[in-house]
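See structure below.
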Protein chains: 2
Amino acid sequence: MGKKRVCIVGSGNWGSAIAKIIGKNVRDRSELFEETVMMYMYEELVDGRKLTEIVNTEHENVKYLPGIKLPDNIVAVPDVVEASKDADILVFVIPHQFVKTTCRSMAGKIKKDAVAVSLIKGFDQTPEVGIQLISTVIHDMLNIDCAVLMGANLAHEVAEEQFCETTIGAATEEEGNLIKEVFETPYFRCSVVTDAQTVEMCGALKNVVAIGAGIVDGLKMGDNTKAAVIRLGLMEMVAFGEMFIPGCTRETFFESCGVADLVATCHGGRNRTLGEAVVQSEKTLKELEKEILHGQSFQGPLVAREIYSMLEQKKLTERFPLFTAIHQICKREMDPRAFIECLRNHPEHL
Amino acid sequence: MGKKRVCIVGSGNWGSAIAKIIGKNVRDRSELFEETVMMYMYEELVDGRKLTEIVNTEHENVKYLPGIKLPDNIVAVPDVVEASKDADILVFVIPHQFVKTTCRSMAGKIKKDAVAVSLIKGFDQTPEVGIQLISTVIHDMLNIDCAVLMGANLAHEVAEEQFCETTIGAATEEEGNLIKEVFETPYFRCSVVTDAQTVEMCGALKNVVAIGAGIVDGLKMGDNTKAAVIRLGLMEMVAFGEMFIPGCTRETFFESCGVADLVATCHGGRNRTLGEAVVQSEKTLKELEKEILHGQSFQGPLVAREIYSMLEQKKLTERFPLFTAIHQICKREMDPRAFIECLRNHPEHL
């Protein structure tokens with residue numbers, strides 16, 4: 001078995017933080033990996049200079065992760081085909097709305113036995129297919145296995161080497177263990193599970209629950225109520241997984257991708273902020289996005305909307321009162337002050 | 001089956017909050033319960049008046065739960081034998097250090113087929129027996145079944161009727177469902193499980209984990225690290241339950257007594273405060289107790305100490321690095337700055 005070549009597809013905040021880890025690991029584990037790691041970077045100009053050139057000379061992503069040095073074996077490449085064509089392990093860490101166009105460029109031009117790892121949180125959504133996991137999109141478009149890596153991992157904390165955990169979901173333990181060699185460090189601890197779809201689903205659904213936690217904060221209710229909302233949200237995530245994901249096990253929710261990421265997201269993060277803002281003002285979601293995210297979209301409401309249409313179609317909204325209420329509150333079809341009323345007769349209490 | 005008579009053994013902050021619920025429930029469910037509820041209250045003087053007399057005329061526990069009216073069918077009684085002798089359901093809600101003396105007074109003087117419910121968090125600890133569940137002490141001393149009720153339930157939030165959840169652990173579903181009739185309201189939602197010992201154990205061990213969460217706060221580490229510590233703490237709680245509690249199931253940790261109470265305690269609560277203080281000063285535990293709790297004891301370090309001696313005896317400290325480190329930090333045998341080092345090679349990551 002020859003040495004594996006790793007390519008990072010993406011170079012934003014999280015992509016750069018993970019590049020710092022990967023660059024060091026492939027050097028430390030030179031019996032397993034080729035030293036040079038290509039990093040696909042969408043080209044842009046910073047003060048008149050190309051960002052790839054800055055990264056390749058100063059070894060710092062001055063735009064998306066300023067102040068953090070990247071190892072000098074990370075090579076920024078502005079062409080995704082050039083960056084990925086010889087890679088054995090493709091680490092996807094681009095915004096989810098660019099996955100399809102990126103895969104379209106790569107299709108047919110990568111190694112047939114390459115393996116992908118998606119670090120992208122969220123679902124893909126089309127009117128035709130509805131919700132699809134990002135790993136499914138990558139798998140279907142590139143015809144290769146796609147594992148996932150998700151956990152309570154804020155990019156800047158990882159870049160500062162603060163201790164945290166993450167979960168790798170892979171088709172087999174063997175594949176998972178190889179991927180672990182790419183990512184694990186003393187401050188970034190990886191657990192491997194084979195229930196990959198549940199790992200990925202947790203990364204999307206937690207953002208819906210976090211809106212609920214934010215609503216509780218906005219209503220100035222106490223720690224008990226917030227804990228109840230987080231727990232009921234977790235139980236709806238479990239029920240959703242058990243209904244819609246083949247092979248979903250409850251064990252996976254005990255991993256970092258489950259309870260840990262949920263707890264972190266419900267106490268920090270932008271979807272919690274959104275929930276709070278929805279109570280404190282009468283503004284629409286669009287207005288709040290303009291105000292808080294400068295026009296970007298919140299993940300939680302998108303996921304809530306897709307989940308809702310799926311549950312409605314299957315006549316399951318009563319089984320998921322928290323998900324349902326959060327969707328209706330985000331659409332301003334329900335007063336956030338009515339949120340708790342929807343939880344009093346939760347199926348979990350019967 | 002005749003109507004059941006409920007007695008509340010205890011009348012502090014939590015006892016009074018739960019009395020408000022019980023008084024209303026027995027009236028609303030008069031087909032099941034006798035209207036009058038005796039509440040054993042340790043007699044003390046408040047501005048020269050007996051506290052029982054104040055409660056029985058003004059229907060307010062002015063000392064321990066001021067500002068909250070109690071239903072007038074709650075009758076405070078200063079003699080525990082008098083209060084409990086005719087009861088079918090005995091709700092224990094006294095500080096854990098008074099359980100044995102109270103049971104000693106009651107033994108042989110209560111109904112033979114009475115059922116107890118303990119709302120008391122913590123373990124009983126003696127040099128001879130080591131750790132014992134409070135429910136076991138009550139069961140052994142009174143020779144009756146003892147169920148438990150535990151969850152993310154801060155007394156003042158419950159008294160203010162803020163929505164929350166709790167978990168009832170009972171020997172049988174039937175017993176659990178009867179107890180649920182005593183406690184459930186639209187703002188206090190009860191789930192019943194038969195894994196009662198795990199429910200009770202969670203109520204004690206979460207306080208150890210909360211010290212760890214406080215240490216992370218004291219060290220000014222981020223949300224990722226805190227989430228990792230909470231999750232690793234949860235996994236040690238699970239491992240401890242699976243090793244030492246017959247019939248312990250992982251499902252129970254998804255209940256309010258498990259993940260919800262843990263999350264609430266790790267974000268509020270006095271044991272979290274202790275963890276933070278241990279980092280920020282060089283003071284001993286005794287000094288911090290004097291300063292923060294006016295001489296009362298923190299629960300977490302007591303539990304951590306007993307757990308530690310049990311694990312050490314069984315040569316299991318390496319399987320529980322978080323519990324072990326927290327004990328050593330509380331004893332000032334370890335620098336709290338070394339806490340995270342102990343978690344880097346946690347058995348959960350292997």
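No experiment lies behind these values; they were computed from the predicted model shown.
- For the pair T166(A) (side chain) and M150(A) (backbone), a donor-acceptor distance under 3.5 Å is present.
- There is no side-chain donor-acceptor pair under 3.5 Å between Q162(A) and H156(A).
- For H267(A), the ring-ring contact (aromatic ring centres under 6.0 Å, His included) partners at least two apart in sequence or on another chain are H267(B).
- Of the two parts of M235(B), only the side chain, counted from C-beta on, holds a non-hydrogen atom closer than 4.5 Å to a non-hydrogen atom of chain A.
- Residue contact with chain A, scored on non-hydrogen atoms closer than 4.5 Å, is absent for L262(B).
- Using a 4.5 Å cut-off between heavy atoms, L154(B) touches chain A through backbone and side chain atoms alike.
- The choice from L232(A), D261(A), V229(A) that makes the most heavy-atom pairs within less than 4.5 Å of chain B is L232(A).
- Top candidate by heavy-atom pairs under 4.5 Å with chain B, chosen from E348(A), E255(A), E184(A), is E255(A).
- Ionic pairing of E251(B) and R250(A) is present here: one or more N-O contacts between side-chain nitrogen and carboxylate oxygen are shorter than 4.0 angstrom.
- In this structure, the portion of C190(B) lying under 4.5 Å from any heavy atom of chain A is its backbone and not its side chain.
- Chain A forms more heavy-atom pairs under 4.5 Å with one residue of S256(B), G269(B), G258(B), C266(B) than with any other, namely S256(B).
- Heavy-atom pairs under 4.5 Å with chain B peak, among A228(A), A264(A), S191(A), G151(A), at A228(A).
- Under a 4.0 Å N-O distance rule, the pair K20(A)/E161(A) qualifies as a salt bridge.
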Apply ring pair (Phe, Tyr, Trp, His ring centres under 6.0 Å) to F339(B) and F163(A), showing your working.
-> CA-CA 11 Å; F339(B) 179 49; F163(A) 177 74; 9.0 Å; no

